[in-house]
Amino acid sequence: MKLTDKEAKTEELLEEYKDLVKAKASLYFMLGADKEDIVQEGMIGLYKAIQNFDESKGASFKSFAELCITRQIVSAIVAANRKKYAPLNTAVSLDKPVGDDENSLSLGETLVSDVNGDPANSVLAEEMIELILSPGAKILSEFERKVLLQLLDGNNYQEIAKALGKSPKQIDNTIQRIRTKLRKFY
């Protein structure tokens, strides 16, 4: 299939400014994404610049392209950092193996307490919770242990905040720290 002149020019500009996009992308970090995702956002910005550039406005294409690339990357980062994506960005996979060997159970299999399931798994899960919550383990601080116990009792952020005399935001921050520590522990 033969490209039209406009399509060929678009391809040429995309190739010509690819290094500019990579340079801009290297300046940013996006939670839950790798560098290639940021580069891809930059390429979208470059494509938009190619489609919307108007020579009559007096600006050079390079200046306009830099602006479009930067705005696209920043918009993507702002969107990724919205609270509604927080569960996706901070989640721990239940499919992650607990041990190093290939036969080890996943985190989900370990933490499931099914009455009809393997009693060894139930015992293992209870032992893991005891280990994590034990003061001698030094995995969690005293306050983090209190918050985790409240969570395990089924309390929500507001209930935990009220019981411990803290704000819901402080409880949320504490839960984020607990998740990070548990990820490192597992």
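In what follows, residues are counted from 1 in the order of the sequence shown.
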Contact summary for Ala161 and Ser167, nearest pair of heavy atoms: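 Scanning both residues, the minimum pair turns out to be CB-C, 3.7 Å.
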
Identify the two heavy atoms, one from Leu46 and one from Leu13, that lie closest to each other, and give their separation to 0.1 Å.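 Looks like CD2-O, 4.1 Å.
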
Ile44-Ile38 co-clustered via ILVMFWY side chain contacts under 4.5 Å: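 No, it is not one cluster - the side chains of Ile44 and Ile38 are not joined through contacts under 4.5 Å.
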
Same hydrophobic cluster for Leu14 and Leu67, using side-chain heavy-atom links shorter than 4.5 Å among ILVMFWY?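 No; tracing contacts between hydrophobic side chains, which count when under 4.5 Å, never links both residues.
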
Distance, nearest 0.5 Å, that separates [atom1] of [X] from [atom2] of [Y]:
| X | Y | atom1 | atom2 | answer |
| --- | --- | --- | --- | --- |
| Glu41 | Thr70 | CD | OG1 | 13.0 Å |
| Ile175 | Glu144 | CD1 | CD | 10.5 Å |
| Ile73 | Asp37 | CD1 | CG | 11.5 Å |
| Met43 | Ile69 | CE | CD1 | 8.0 Å |
| Phe53 | Ser63 | CZ | OG | 9.0 Å |
| Arg145 | Leu152 | CZ | CG | 13.0 Å |

Set of side-chain hydrogen bond (donor to acceptor under 3.5 Å, both in side chains) partners for Tyr157, sequence neighbours left out: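 Tyr157 satisfies side-chain hydrogen bond (donor to acceptor under 3.5 Å, both in side chains) with Asp172 only.
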
Carboxylate-amine/guanidinium contact Glu159 Lys162, below 4.0 Å: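 Salt bridge flag = no for Lys162 with Glu159.
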
Side-chain heavy atoms of Gln51 within contact of Lys6, under 4.5 Å: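 Yes, at least one pair of side-chain atoms sits under 4.5 Å.
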
Quick check: do Tyr17 and Ile50 have side-chain heavy atoms less than 4.5 Å from each other?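 When only atoms from C-beta onward are counted, Ile50 and Tyr17 do not touch, as no gap falls below 4.5 Å.
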
Would you please say whether a donor-acceptor pair under 3.5 Å links the side chains of Arg177 and Thr180?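 Side chains of Arg177 and Thr180: no pair found under 3.5 Å.
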
Identify all side-chain donor-acceptor contacts of residues 20-31 below 3.5 Å with residues at least two apart in sequence or on another chain.
{"residue": "Ser26", "atom": "OG", "partner": "Ala23", "partner atom": "O", "Å": "2.7"}

Full working for side chain to side chain contact (heavy atoms under 4.5 Å, CB included) between Cys68 and Phe64: CA-CA 6 Å; Cys68 290; Phe64 184 69; 3.6 Å; yes

Side chain to side chain contact (heavy atoms under 4.5 Å, CB included) between Glu66 and Lys62, worked out: CA-CA 6 Å; Glu66 284 182 6; Lys62 184 176 180 181; 3.4 Å; yes

What do the steps show when you test Lys166 against Lys146 for side chain to side chain contact (heavy atoms under 4.5 Å, CB included), and what is the final call? CA-CA 12 Å; Lys166 301 290 183 179; Lys146 288 178 182 178; over 6 Å; no

Hey, is the main chain of Gln158 close enough, under 3.5 Å, to the side chain of Asn156 for a donor-acceptor pair?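 Checking the backbone N and O of Gln158 against the side chain of Asn156, a donor-acceptor pair under 3.5 Å is found.
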
Should we count CD of Glu36 as having more than 12 external heavy atoms under 6.0 Å?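 Not more than 12 within 6.0 Å, no.
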
